Amino acid sequence: MVGTIPTTSATGGRRSRGPRGFALAFALPMPVWQTLFFVAALLFLIVMTFWSVRNFRVEPDFTMANWVKMLSAGYFQDTYFRTVWYAALAALVASLIAFPCAYGMAFKLSPSFQRIVASSLILPYFTSYLVRAYSWKILLTENGVINGVLGYVNLGPFAMTSNLFAVLVGYMTLILPIVILLQYFSLAHVDRRLIEAAHNLRCGALRTVIQVVIPSARTGLILAATFAFILSFGDFVSPSFLGNNKPPTLSILMVDAVKSGSQWPRAAVVAITMVATLLLVAFLAMAFAYGRKAESR
Amino acid sequence: MMSGRLVTLALRTYLALALLLVFAPIITSFIYSFDADKYAAFPWGGFSTRWYGEALADPDVAKGFHNTIIVAVTSALIATAIGFATAYTDYRYRFFGKNAYLALALLPPTIPAIILGLAMLVFLSRVGLSGALHSIIICHVVYSIPFAMALIRLRLGQMDRDLEAAAWNLGASEWHALREVVLPFTLPAILAALFLAMAVSFDEYAIAWFVSGFSETLPVRILMLLQREVSPKVNAIGSLVFIVSMTLVLVAQVMLVMRAPSQAAANGPRQGAGRG
């Protein structure tokens, strides 16, 4: 697989005398490791969906029973569409909240401030997401911080946990910083001359944003929303701890199947369905992002 | 003109609010880690370091911390070594199927960690490798390789391609040139990758939860605490974890920024010699 055509144009005379082993020593470790432990694991997960469980033990088999059982079950179908809906809603809400932030960063901040804000948006990803989700509970519960503050002005208490609002807040904790960053990167690359041209043609500020800025940053904006969808779709923590497992999402179904029964084959069916959905969504989003862009040119 | 300034002000205020929203849970966790009450409420019940005491005295937490350190350090070392080799391959060679090669390196983090966890549990238990610390290490290496590779590849991209060629021309073997030219140049990125990979492993709970068996890491312990009870201990542990992760990330950043003067000094003469 590894032919060695050096990308340097320099005449490395010694190089050809060197052992082939050199190139292989660098090229091989990654594919070996990732094939053994990543690709093989994912492929085996597909195989697992056809195995069966007898006496609480997983046994090799070739049965469609797990697929039929899961895909025809009403609770699975409900959960599937709920999870898609939650993830889509999270992607939409995050994109809407993030856009003014990204716009402000790209156009209304000095470069040094842009860098500070960008790096502070990366920081949360190195804190425990679990702990952040738990903190939201402190903020949102009935006698939590937010209701406590609202109580002083005689408002509330509002029910802000164990519902869709809480789950969405959790998703935002996970995805908002990355959505802002991705949108910011695409807005920062918008050609400023286009905006000036729009202004010179007496195009209003808001209209410039809608008709010039958003179309030019389209690919990045869709990429950001896709990321948000993927992360929310696979998230377990928010629906479990902030939504209190009710109603469940696919990841909760999957965890339950593994942890409380040894139903590995059924969990594998859920997991493979999730991966297939994510691949489809990523594919559609990319087709949409790049296809429409080419069309408008 | 006035309205333009108003819009700018509004956007900046909005951005500040959004940042506050992003950091609210981190700040809350830190504040409530010093709360004397068991059930976090508003206003808080007074200052106390009780939860830190309980967290540090908890043998499960201590064990988890110990396991986390072993897993983080070992997986970071392996992932950085493989990441370097992959980045160097990408930098130097062109070959058939290179896009697939790079996809294989970068793909793992795009699969939800919980699915990766299940896949690895199912697979590793089949080949008899599950339920121990080395299972977590194997999986975290898979997960960290892309981060390590990306950082080192960025740094390699800044290296003058003639440097290595010059070393060859002067009679250095490929290994020798790598050790004397490429490694010193990429050292800051290698160290940064090491710390970044450690930080990634340090916070990962989903995969570790599935494959660890009884060898819990700290994030898995936190998950267990959250599932079982209301415990302000979580805030104390979270704040401690936060400080450790931040230190790792900051060290990684400093490594990347610091390189400039020291590298110029280190490479200056060598570069001159290579060209001459």
Side-chain angles (χ1 to χ4, degrees), chain A residues 1-8 10 12 14-15 18 22-23 26-27 29-31 33-34 37-38 40-42 44-45 48 97 100-101 103-105 108 120 124 126-128 130-132 134-136 138-139 143-145 148-149 173 176-177 234 236 241 251 254 258 264 267-268 271 274-275, chain B residues 8 11-12 14-15 18-19 22 24-26 28-29 32 40-43 82 85-86 88-89 92-97 101 104-105 108 111-112 114-115 118-120 122-123 126 138 141-142 145 161-162 165 168 171 173-175 199 203 205-206 219 222-223 226 234 238 241-242 245-246 249:
Chain A
M1 185 172 123
V2 183
T4 58
I5 303 162
T7 47
T8 51
R14 303 268 156 183
R15 204 172 40 229
F22 180 84
F26 286 88
M30 184 278 291
W33 193 283
Q34 300 298 59
F37 300 117
F38 172 63
L42 283 182
F44 187 62
L45 194 63
M48 178 57 68
I97 296 180
C101 295
Y103 186 86
M105 272 176 82
K108 307 288 180 191
S120 61
F126 295 100
T127 67
S128 170
L130 290 168
V131 176
R132 279 184 289 149
Y134 175 72
S135 300
W136 273 117
I138 298 177
L139 289 165
N143 41 15
V145 176
V149 172
T173 312
L176 191 59
F236 162 78
F241 294 142
S251 45
M254 202 190 90
V258 176
W264 288 7
M274 288 173 81
V275 172
Chain B
T8 304
L11 280 172
R12 282 184 185 165
Y14 181 85
L15 182 59
L19 281 176
V22 167
I26 301 172
T28 307
S29 167
Y32 275 87
F42 183 84
I82 298 180
T86 315
Y88 183 73
T89 303
R92 202 179 138 185
Y93 301 107
R94 263 184 286 176
F95 48 87
F96 177 74
Y101 180 85
L104 188 60
I111 308 270
I114 206 139
I115 293 177
L118 175 69
M120 284 162 167
V122 168
F123 177 72
R126 194 69 195 167
I138 288 172
V141 170
V142 168
I145 285 175
R161 283 182 182 274
D162 291 341
W168 299 327
S173 71
E174 288 182 302
W175 289 106
D203 281 331
Y205 56 90
I222 296 176
L223 190 71
L226 288 181
V234 168
V241 169
F242 176 71
S245 310
M246 272 316 103
V249 175

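The basis for the numbers below is simple: all heavy atoms, side chains too, and nothing from hydrogens, waters or symmetry mates. Every chain is numbered from 1 and lettered A, B, ... according to where its sequence line falls, protein lines coming before strand lines. Because the structure is predicted, anything quoted here is derived from the model rather than measured.
- Contacts between B/L104 and chain A at a heavy-atom distance below 4.5 Å involve backbone atoms as well as side-chain atoms.
- The shortest heavy-atom contact between B/Y101 and A/A27 is OH-O, 2.7 Å.
- Closest heavy-atom contact between A/C101 and B/Y14: SG-CE2, 3.4 Å.
- Residues B/V141 and A/F37 are not in side-chain contact: their nearest non-hydrogen atoms beyond the backbone lie 4.5 Å or more apart.
- Taking both residues in full, the closest heavy atoms of A/S120 and B/L19 are given as OG-CD2, 4.1 Å, listed atom of the first, atom of the second, then distance.
- A/V131 approaches B/G238 most closely through the heavy-atom pair CG2-CA, 3.6 Å.
- Going from atom OG1 of B/T86 over to atom CD of A/Q34 covers 8.0 Å, rounded to the nearest 0.5 Å.
- Across A/F236, A/Y103, A/W33, the residue that shares the most heavy-atom pairs under 4.5 angstrom with chain B is A/W33.
- When every heavy atom of B/R92 is checked against every heavy atom of A/F22, the shortest pair comes out as NH1-CE2, 3.0 Å.
- When heavy atoms are compared at a cutoff of 4.5 Å, A/L176 approaches chain B solely by way of its side chain, counted from C-beta outward.
- Counting heavy atoms from C-beta outward, B/Y32 and A/V145 have side chains that approach closer than 4.5 Å.
- Among A/L45, A/V275, A/L42, the residue with the largest count of heavy-atom pairs under 4.5 Å with chain B is A/L45.
- Both the backbone and the side chain of B/I138 come within contact range of chain A, with heavy atoms under 4.5 Å apart.
- The nearest pair of heavy atoms linking B/I114 to A/S251 is CG2-CB, 4.3 Å.
- When each of B/P112, B/P25, B/A206 is checked for heavy-atom pairs under 4.5 Å with chain A, B/P25 comes out on top.
- Ring-centre distance between B/W175 and A/F26: below the 6.0 Å cut-off.
- Residue contact with chain B, scored on non-hydrogen atoms closer than 4.5 Å, involves the backbone and the side chain of A/M30 alike.
- From A/Y134, atom OH reaches atom OG1 of B/T28 across 11.5 Å, with rounding to the nearest 0.5 Å.
- Using a 4.5 Å cut-off between heavy atoms, B/I115 touches chain A through backbone and side chain atoms alike.
- The residue among A/P29, A/G104, A/P100 with the most heavy atom pairs within less than 4.5 Å of chain B is A/P100.
- We find the CD1-OG1 distance between B/I26 and A/T127 to be 4.0 Å, quoted to the nearest 0.5 Å.
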